Undergrad: 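Attaching a single structure in structure tokens format; questions to follow.
Below, read A as the first sequence line, B as the second, and so on, with proteins coming before strands; counting in each chain starts at 1. If you're wondering where the values come from, they're calculated on a predicted model, not measured in any experiment.
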Amino acid sequence: MMSICAKSLKILFEKSAERLPLLSLVTVLAMAYSTTVLAHSGHIHNEAFEACKTKTKGEACHYLVADTQRYKGSCQVFNLKTLCVRSEPIEYLQSLPDKIGIEAITNNASPQQPDTVQANKVNAANILSPVNQITPSEQQTSSKMGH
Amino acid sequence: MKTSFYALLVLTLLGTSACSDSDNSNNTSTAASDTSTGSDSDGDSDGDSDADSVVTGPNPDYFLAAGLAETITTTTCTLTDGTTTECYKVVINGAPANTEIGPFCPSNITDDATKGGIWFDGSGDVYQLEGQFFVDVKALYGDDWELYDEDTGDIFVTDTQVACEAAARPNVAAEYQNHCVQCSISYYDGGMQQTILIPVTPVPLSNPESIGADLGVSLNGVVIAGPAPVSQILAANTIAAFDDCGGHVNPAEGYHYHASLGCSEVVTSIDEHANLMGYALDGYGIYGMLNANGEEDYDLDECRGHEDDTRGYHYHAASAAENMFIGCYQGAQGSIEVNE
């Protein structure tokens with residue numbers, strides 16, 4: 001669709017250039033662009049992608065979900081797209097009054113952890129149980145809307 | 001100790017299979033031996049725990065026979081690092097051995113969660129695709145999202161093969177934008193056969209390698225895919241619905257998983273470790289995110305893997321809300337391709 005749009009605009013540009021003043025042409029292009037943008041406006045965001053937007057593969061990254069969960073890991077590449085891959089258990093923050101608060105809460109919540117399995121039962125909070133689940137697990141059903 | 005562990009593991013597998021929907025009594029995996037014990041770093045295979053690292057490979061006996069198109073065999077293969085070695089040849093039917101595929105999209109905004117599957121966009125939440133989701137979606141993604149008829153409440157669903165194939169691609173046809181996208185596996189003969197080659201003995205890499213489209217195979221015979229391209233999907237105002245097992249159907253490869261939700265965890269660990277759900281293309285096992293106590297490990301590497309004395313190196317899947325299984329490969333990979 002993008003290529004068709006580009007081709008149409010190119011034809012429009014070539015034909016219009018002979019007939020329309022430059023100002024009109026700019027107006028037409030601006031309208032076409034703004035229509036495209038409006039068609040995809042909204043709150044689409046992917047924190048895992050945003051966290052690595054300015055980073056390269058292997059760099060440490062972190063992002064917040066719903067202002068209450070902190071995901072920490074490193075940037076990894078999937079099909080040329082770089083995403084933040086979590087390698088630590090999700091940190092659940094009580095509140096985020098400001099940046100200083102975030103750091104304080106995070107530091108309190110993350111003492112030095114040994115490389116062994118430790119309790120983090122809240123990790124199950126966002127996981128759905130499959131309908132045809134075979135193996136019982138600790139996963140809980142959650143129906144969420146919005147953040 | 002280790003021998004008894006695996007004996008119990010196999011017994012648990014048999015017990016679990018007996019309770020599954022499919023009859024696995026005809027599991028015809030015939031690989032010569034249980035390779036899960038592998039070899040110690042010093043080359044022996046006695047299961048001693050004196051080695052610094054345990055090398056474990058896939059166990060073909062763990063696959064549910066109903067998900068396989070043919071008996072698992074071994075064949076010579078060349079891995080991504082150029083290593084020529086022996087691989088398991090796993091040919092899957094393209095449909096899960098133990099669960100039904102779907103449902104995906106509900107029909108009307110009054111439908112409850114049983115009529116639809118789930119949706120996740122990698123932002124940390126998993127949404128139940130009940131009818132109300134399509135009413136509320138504007139608040140989530142924007143006012144230009146119109147996924148249902150306001151007069152009837154009917155949700156715009158791609159309910160034909162033509163519609164499915166026009167919508168389940170990067171450049172969604174204009175008439176199928178603002179749709180809940182679903183494709184029936186019946187359009188593809190009930191499943192696309194695929195052949196997966198996995199090294200019998202994993203070959204560790206000095207540097208991890210990135211994941212492409214597909215990354216492994218589940219024990220119930222489903223391709224494990226990388227992250228769903230949610231940005232492209234959402235850019236077309238579409239929801240590419242997943243079923244409650246985290247899978248959906250596309251024209252390129254049929255049914256495949258984008259998330260770990262327990263449906264393929266057919267081997268239950270008896271030591272409270274997370275359950276095995278499948279194998280990555282490098283031969284390392286992929287386990288669920290949480291152990292039996294609902295806990296997650298603190299020592300995962302950048303690929304979401306780590307090593308223990310029993311399983312050697314292995315991965316743990318991320319949550320469905322993260323739209324991914326593992327972060328990268330720590331071993332040289334075999335291959336996966338759709339059979340013609």
Undergrad: Under a 4.5 Å heavy-atom cutoff, which of B:Gly305, B:Gly226, B:Ala213 has the most pairs with chain A?
TA: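 That would be B:Ala213.
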Undergrad: Quick check on B:Leu215 against chain A: is it the side chain, the backbone, both or neither that has a heavy atom closer than 4.5 Å?
TA: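 Neither part; nothing is under 4.5 Å.
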Undergrad: Is chain B contacted by the side chain of A:Cys75, its backbone, both, or neither, given a heavy-atom distance below 4.5 Å?
TA: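 Neither part, no heavy atoms under 4.5 Å.
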Undergrad: A:Leu80 versus chain B, heavy atoms under 4.5 Å apart: side chain, backbone, both or neither?
TA: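 A:Leu80 has no heavy atom closer than 4.5 Å to chain B.
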Undergrad: Tell me which of these, B:Ala318, B:Pro229, B:Pro227, has more heavy-atom pairs under 4.5 Å with chain A than the rest.
TA: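 Answer, by heavy-atom pair count under 4.5 Å with chain A: B:Pro227.
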Undergrad: For side-chain contact (heavy atoms from CB on, under 4.5 Å), just list the numbers for B:Ser231 and A:Lys81, CA-CA rounded to whole Å, side-chain angles, deciding distance to a tenth of an Å, and then say yes or no.
TA: CA-CA 11 Å; B:Ser231 296; A:Lys81 189 171 181 178; 2.8 Å; yes
Undergrad: Pick one of side chain, backbone, both or neither for B:Glu209, based on which atoms fall under 4.5 Å of a heavy atom in chain A.
TA: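 Backbone only.
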Undergrad: Which atom pair, heavy atoms only, marks the closest approach of B:Ser319 to A:Arg86?
TA: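 Closest heavy-atom pair between B:Ser319 and A:Arg86: N-NH2, 4.3 Å.
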Undergrad: If you look at every heavy atom in A:Ser74 and B:Glu302, which pair is closest and at what distance?
TA: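 The answer is OG-CB, 3.3 Å.
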Undergrad: In terms of heavy-atom pairs under 4.5 Å, which option from B:Asp301, B:Asp243, B:Leu300 contacts chain A the most?
TA: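 Greatest number of close heavy-atom pairs with chain A: B:Leu300.
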Undergrad: Restricting to non-hydrogen atoms, name the atom on A:Asn46 and the atom on B:Asp121 that form the minimum distance, rounded to 0.1 Å.
TA: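 Closest pair (atom of A:Asn46, atom of B:Asp121, distance): ND2-O, 3.3 Å.
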Undergrad: Against chain A, label B:Glu322 side chain, backbone, both or neither, depending on which of its atoms sit under 4.5 Å from a heavy atom there.
TA: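 Interface part for B:Glu322: side chain.
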Undergrad: Contact part of A:Tyr63 toward chain B, heavy-atom cut-off under 4.5 Å: side chain, backbone, both or neither?
TA: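 The side chain, not the backbone.
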Undergrad: Work out which heavy atom in A:Ala48 is nearest to a heavy atom in B:Gly122; give both atom names and the distance.
TA: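 Here A:Ala48 and B:Gly122 meet closest at CB-O, 4.3 Å.
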Undergrad: May I ask you to test the B:Pro208-A:Gln76 pair for a side-chain heavy-atom distance under 4.5 Å?
TA: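 Heavy-atom side-chain distance check fails, nothing below 4.5 Å.
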Undergrad: Top residue by heavy-atom pair count (under 4.5 Å) with chain A, among B:Gly212, B:Cys328, B:Gly246, B:Gly288?
TA: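 Most heavy-atom pairs under 4.5 Å with chain A: B:Gly212.
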Undergrad: Do B:Glu296 and A:Glu88 have side-chain heavy atoms sitting under 4.5 Å apart?
TA: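 Side-chain contact under 4.5 Å: no.
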